[in-house]
Amino acid sequence: MLRAVIDPPAPAAPEGAASTRLRTRNIVLKIDGKSVLDGVTLDFDPDRLTVIMGPNGAGKSLLLRILHGLLKPTGGEVSWGGGPAGPPRQAMVFQKPVLLRRSVAANIDYVLPKSECRDGEECAGLLARVGLAHKARQAARLLSGGEQQRLALARALATKPEALFLDEPTASLDPPSVLMIEQLVKEIQSTGTKVLFVTHDVAQARRLADDVVFLHRGCVTDHAPAADFFGGACSPVAADFLAGKIVI
């Protein structure tokens, strides 16, 4: 029997933050008749950087896609703010960057309102923020893997998201690129954007997480503050995962 470690009910969101309070209720996803997510019920604090962890096949990426609206669940619901206002502005960055076959700057201009890309200031500021200002006119396809991911992140930020989803964005990057992406993600969260970050890297989760959701076989076994989760107050299956044991 898996033991779920669940946060106590979160306090009411401050005024202006209600739209980013994300909730799921009994999310089920079936593929070819098999349940790959089963009864996922979660309340996400808008002020915490949430890391979603679990072994391969646990349903992490599928859950993120449902939260972002890319997949429709078989059952259950996703709500934002608990009211009829609908979801906030959202953006998602994938493990493999999806870029336009254009220049670095053109990738940013593509998602900016015309009023903001005429003088180039918004684009230049975003590229400077991710360390790519000097490559603005270069073809995006010629960037390194880490640079491409930073460009994908800058393009996501260009939409001014209230919620940002990241699906293992540093899985194939070198250590300097990983640390740069992590620093950017922390800065984004600190400005009020709700961040949900999927990773299988325990060390990275320790560096980033305010709270942790752990999935196993499509079910939530843990949702706890990072200090509690990594301090030993986690389910047996999560403890095995953190110890480097193969979890199936």
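We use all heavy atoms of the structure for the numbers below, so side chains are in, but hydrogens, waters and symmetry mates are not.
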**Student:** Taking side-chain hydrogen bond (donor to acceptor under 3.5 Å, both in side chains) as the definition, give me every residue that meets it alongside Thr24, ordered by chain and number, with sequence neighbours left out.
**Tutor:** none

**Student:** Under 3.5 Å, is there a donor-acceptor pair linking the side chains of His200 and Asn56?
**Tutor:** no

**Student:** Going from CG on Leu215 to CG on Asp222, what distance comes out if it is rounded to the nearest 0.5 angstrom?
**Tutor:**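 It comes to 9.5 Å.
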
**Student:** How about Asn107 and Arg102: does a side-chain donor come under 3.5 Å of a side-chain acceptor?
**Tutor:** no

**Student:** Strictly distance-based, threshold 3.5 Å: is any side-chain N or O of Gln148 a donor or acceptor partner for the main-chain N or O of Leu143?
**Tutor:** yes

**Student:** Please assess Leu29 against Val40 for the test side-chain contact (heavy atoms from CB on, under 4.5 Å), listing each intermediate value before the final yes or no.
**Tutor:** CA-CA 10 Å; Leu29 180 65; Val40 176; over 6 Å; no

**Student:** Count the heavy atoms belonging to other residues, nucleotides or ligands that lie under 6.0 Å from CZ of Arg141, then report whether that count exceeds 12.
**Tutor:**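 No, not enclosed.
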
**Student:** Give a yes-or-no answer on whether the side chains of Asp174 and Ser177 include a donor-acceptor pair shorter than 3.5 Å.
**Tutor:** yes

**Student:** For a salt bridge (Lys or Arg N to Asp or Glu O under 4.0 Å) check, start with the C-alpha distance between Asp43 and Arg25, then their side-chain angles and the critical distance, and finish with the verdict.
**Tutor:** CA-CA 9 Å; Asp43 285 82; Arg25 291 295 178 265; 3.0 Å; yes

**Student:** Is it true that the side chains of Asn26 and Thr41 contain a donor and an acceptor less than 3.5 Å apart?
**Tutor:**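 The answer is no; no qualifying pair exists.
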
**Student:** Just do the salt bridge (Lys or Arg N to Asp or Glu O under 4.0 Å) check on Glu168 and Lys96 with the steps written out, would you?
**Tutor:** CA-CA 9 Å; Glu168 300 195 44; Lys96 184 176 180 180; over 6 Å; no

**Student:** Can you say whether the rings of Phe214 and Phe241 are parallel (under 30°), tilted (30 to 60°) or perpendicular (over 60°)?
**Tutor:** perpendicular

**Student:** Just how far is it from atom CG of Leu49 to atom CG of Asp211, taken to the nearest 0.5 Å?
**Tutor:** 8.0 Å

**Student:** Assign the ring pair Phe44 / His223 to parallel, tilted or perpendicular, where the plane angle (0 to 90°) is split at 30° and 60°.
**Tutor:**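 Taking His223 first and then Phe44, their aromatic rings sit tilted (interplane angle of 30° to 60°).
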
**Student:** Is there side-chain contact between Leu37 and Pro73, with heavy atoms separated by less than 4.5 Å?
**Tutor:** no

**Student:** Would you check if the side chain of Asp210 reaches a backbone N or O of Thr50 as a donor-acceptor pair within less than 3.5 Å?
**Tutor:**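 Not a single qualifying donor-acceptor pair exists.
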
**Student:** Hey, does the side chain of Lys194 reach the backbone of Arg21 with a donor-acceptor pair shorter than 3.5 angstrom?
**Tutor:** no

**Student:** Do Ile108 and Leu112 make a side-chain contact, defined as non-hydrogen atoms from C-beta onward lying under 4.5 Å apart?
**Tutor:**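 Touching, per the 4.5 Å side-chain cut-off.
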
**Student:** Whether the Gln204 and Thr170 side chains hold a donor-acceptor pair (N or O, under 3.5 Å, no angle test) is what I'd like checked.
**Tutor:** yes

**Student:** Less than 4.5 Å apart, side chain to side chain, heavy atoms only: is that true for Lys186 and Val195?
**Tutor:** no

**Student:** Decide yes or no on salt bridge (Lys or Arg N to Asp or Glu O under 4.0 Å) for Glu182 and Arg207, but give the supporting numbers first.
**Tutor:** CA-CA 8 Å; Glu182 289 180 3; Arg207 292 192 296 268; 2.7 Å; yes

**Student:** Going through the distances and angles, do Leu70 and Met92 end up as a side-chain contact (heavy atoms from CB on, under 4.5 Å)?
**Tutor:** CA-CA 10 Å; Leu70 297 178; Met92 187 163 176; 3.9 Å; yes

**Student:** Kindly indicate whether the side chain of Leu242, heavy atoms from C-beta on, has any atom under 4.5 Å from the side chain of Phe229.
**Tutor:** yes

**Student:** Measuring from atom CG of Leu64 to atom NZ of Lys60, what distance do you get when rounded to the nearest 0.5 angstrom?
**Tutor:** 11.0 Å

**Student:** Just verifying a value: how many Å separate Arg129 CZ and Glu187 CD, rounded to the nearest 0.5 Å?
**Tutor:** 6.0 Å

